[in-house]
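Structure record follows, encoded as structure tokens.
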Protein chains: 4
Amino acid sequence: MGKAERTKEFIIQKTAPLFNKKGYAGTSLTDMTDATGLTKGSVYGNFEDKDDVALAAFDYNMNKLIGQVREIQASERSAAGKLKAFISVYRNGAESPVLQDGCPIINTGTEADDTHPQLKEKANEALARWHKSISAIIQQGKMHGEFRENVNTVEFASLMISLIEGGSALSKMSGDGNYLTKSLDHLEMLISTQLMK
Amino acid sequence: MGKAERTKEFIIQKTAPLFNKKGYAGTSLTDMTDATGLTKGSVYGNFEDKDDVALAAFDYNMNKLIGQVREIQASERSAAGKLKAFISVYRNGAESPVLQDGCPIINTGTEADDTHPQLKEKANEALARWHKSISAIIQQGKMHGEFRENVNTVEFASLMISLIEGGSALSKMSGDGNYLTKSLDHLEMLISTQLMK
Amino acid sequence: MGKAERTKEFIIQKTAPLFNKKGYAGTSLTDMTDATGLTKGSVYGNFEDKDDVALAAFDYNMNKLIGQVREIQASERSAAGKLKAFISVYRNGAESPVLQDGCPIINTGTEADDTHPQLKEKANEALARWHKSISAIIQQGKMHGEFRENVNTVEFASLMISLIEGGSALSKMSGDGNYLTKSLDHLEMLISTQLMK
Amino acid sequence: MGKAERTKEFIIQKTAPLFNKKGYAGTSLTDMTDATGLTKGSVYGNFEDKDDVALAAFDYNMNKLIGQVREIQASERSAAGKLKAFISVYRNGAESPVLQDGCPIINTGTEADDTHPQLKEKANEALARWHKSISAIIQQGKMHGEFRENVNTVEFASLMISLIEGGSALSKMSGDGNYLTKSLDHLEMLISTQLMK
DNA sequence: AATGAATGAGCATTCATTCAT
DNA sequence: GATGAATGAATGCTCATTCAT
């Protein structure tokens, strides 16, 4: 990794939490230089513009989040276990360096929706990937005889994400953990009673 | 209503959609004067500052949203019917002047969380009121013998809001109606099977 | 004249010499606020952007220059006298608030040619108007029997402007008045011997 | 020519057209690295600063221009022929790699006049050299009995340059070839009727 | 009560230049 | 001798806010 690569990485690392916490419009170049200790020129030497950093920061946050999930999934053999890895990560969101400021998908998605097409696209791609990943696990569960065949895969995945994101966002903003806890409890119940044989 | 009152109302009316659509940071004073045809001086003659307008705009949006719910609830006698009024409003969100830009609670809550304490507070109060309103309906349902006694009121209310907000936000950002549709379908099913006798 | 109008006028008045002297790229917003004592916000409250000021400044300079010519022409009855008014203004360029920094047409035309299409257009329009004005005077002279019919009007006008602009620009840059003096002397001779009967 | 010498030459070669076309202020270091494919460090390794390059670029452009003239003059025996070599080069300016962006003397002279003393000096030196060169040819013509003695050498030289530069600049900026054509036609006529016996 | 005009701090971005490697 | 990376001052411009009228 060359010096440029290292600096880029460093800038993303330091600014990604800012973008997730304060949003794109709420994060200024000065916030970024304060967080990194670098100069504006240096940021512009390594990125095309603020957008470029924000886009990279979103990817960084998502990768970190996915990494947390993957780590847990690695030790899970069952499809149910793999699904529950998502639940586990969000349930302990307070300790996650990413989720403690809220899920990047909904944070970015709600801000960028009517203001920043590129970021919106990114958030939607991440959402679609997540949906696909859940769907694949459910299909796998069906194939291995672990899950019932008569459950609609796509619909279950949609419901699962809605529960996680809704609960997560509401608990984050209200400080009332019940939204997330009850959503995740309900989701686990659904996995056990609707999905598993 | 004096002239001042009327101008205030007018400003809020015209800017409330902006704030819900583009967020607090994304809405500039110039956006506001463009939308109203008034001058900046006029805005500042009627409000203390941008915050003051944003706060009022949030209330305006919420009242409009609550109004839509109330209208439907007015013709519903049963507790289940009253609960389903919320579902009905969100299901037809595309036609709601407020919800077409997303639910103000989650829009405001996610943006303001780490940037604007007063707005965050407003969003949380609205959320708490909503939660209380749902809880009261459930209690009423229980008292009238319509709902089962052994359902946890608070938890059901939390789950209900998570499903609505999660589904709503994800469908809004992705353009995929499935998130909302499946959440609301599931919620209706829960009301029928878990709540109703 | 409202206050806005007066401020616009004031800004143009103070910055027009800067633009003529230092060029478009060479004149910064800070130069402009230094020259006016106003703030950047004030400049942007009265003009769309730097271009807008530069364009207005060019017009201001040209109008001033044309005014000087008109003043002399007013007391001239003959076509020859009217043509010589142009010569007179450029001959005393050192004392002209505009020409002391060079003729705006050639200053702007040479800088903007490959860098600023709008300014280039302005300079060319001014040049075309000047050409038309000279042509009209020559035609008038012909009609009144003052000038010979067998002189090509358009060609004489072109030659006249080339002599004035060439001499003016070279004397300005070199500090050697001979370029301008000899050009204008030659031009006067041409008017007397080629044009006049 | 060592490597350093070759790189210097290469940079000048590639940037000289930029400086003539876009001017000193209009040509950025980035324009220069784009044009050369080299790095900023490399430019600064071979030149003191941007000024240093611009100065060298001006010389390069002038030498190229003078080279074109010399080439034609080489096959001219008469003084009149040598004078007309200048005319010939400017008349075919569109095909000259230098003149197609305008004459460096007037381009540089008008921009640098009030902003860049060193460049202004360069342009003036070039102008003075040109004047001297024309004067020498006229003197030669007189000595050889080709030109009349009673013509003022210095004044004719000044007039000649004014006609060429005025016509050239105006045609360049306006796209109307008449300014240059008529100036040069007139100049040739002057050489034939005033200068030649 | 409302306006038009101004403010000045802040914005994202580009500049010429430097310097360790 | 050349590069890649960094600097910091300056660029044009927008922001929320104020205030005389």
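Lettering of chains follows the sequences in order, A, B, ..., and the numbering in each one begins at 1.
Computed from coordinates, the Asp52(B) CG to dT17(F) C1' distance equals 14 Å when rounded to whole Å. Residue Phe10(B) contributes atom CZ, which lies 15 Å from atom C1' of dA1(E) at whole-angstrom precision. Between Phe47(B) atom CZ and dA16(F) atom P there is a gap of 15 Å when expressed in whole angstrom units. Distance Asp34(D) CG to dA16(E) P: 12 Å, rounded to the nearest Å. Taking atom CD1 of Ile11(D) as the reference point, atom P of dG1(F) lies 13 Å away to the nearest angstrom. In this structure, Met32(B) atom CE and dT14(F) atom P are separated by 19 Å, rounded to whole Å.
With salt bridges taken as basic N to acidic carboxylate O contacts below 4.0 Å, one links Asp113(C) and Lys120(C). Between Asp114(A) and Lys172(B) a salt bridge is recorded (basic side-chain N to carboxylate O distance below 4.0 Å).
Comparing Lys50(D) and Leu29(A) by the nucleotide of DNA chain E whose heavy atom lies nearest to each, the residue mapping closer to the 5' end is Leu29(A). Residue order along DNA chain F, read from the 5' end via each residue's closest nucleotide, puts Asp31(C) first among Glu48(B) and Asp31(C).
Interatomic distance, OG1 of Thr27(D) versus CZ of Phe19(D), reported as 5.0 Å (0.5 Å rounding).
Contact record, Asn61(D) with Pro104(D): CB-CG, 3.9 Å, taken as the closest heavy-atom pair.
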Base-contact (B) and sugar-phosphate-only (S) positions in nucleotides 3-10 of chain E, heavy-atom cut-off under 4.0 Å, - elsewhere: BBSSBB--
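Evaluation of the ring pair (Phe, Tyr, Trp, His ring centres under 6.0 Å) rule for Tyr24(C) yields His116(C) as partners, not counting sequence neighbours.
Under the 3.5 Å distance criterion, the side-chain polar atoms of Asp49(D) are left unmatched by any main-chain donor or acceptor of Tyr44(D). Under a 3.5 Å cut-off, the side chain of Thr39(D) and the backbone N or O of Ser42(D) do form a donor-acceptor pair. At least one donor-acceptor pair closer than 3.5 Å links the side chain of Thr33(B) to the backbone N or O of Thr30(B). Counting only distance, with no hydrogens or angles, the side chain of Asn107(D) and the backbone of Asp101(D) share a donor-acceptor pair below 3.5 Å.
With pairs defined as Watson-Crick or G-U wobble and both atom distances under 3.5 Å, the stems of at least three pairs that touch DNA chain F come out as E:2-21 with F:2-21.
Within the nucleic acid shown, Thr33(D) has no heavy atom closer than 4.0 Å to any nucleic acid atom.
Contact check, Tyr44(D) against dT17(E): a side-chain N or O comes under 4.0 Å of OP1 or OP2.
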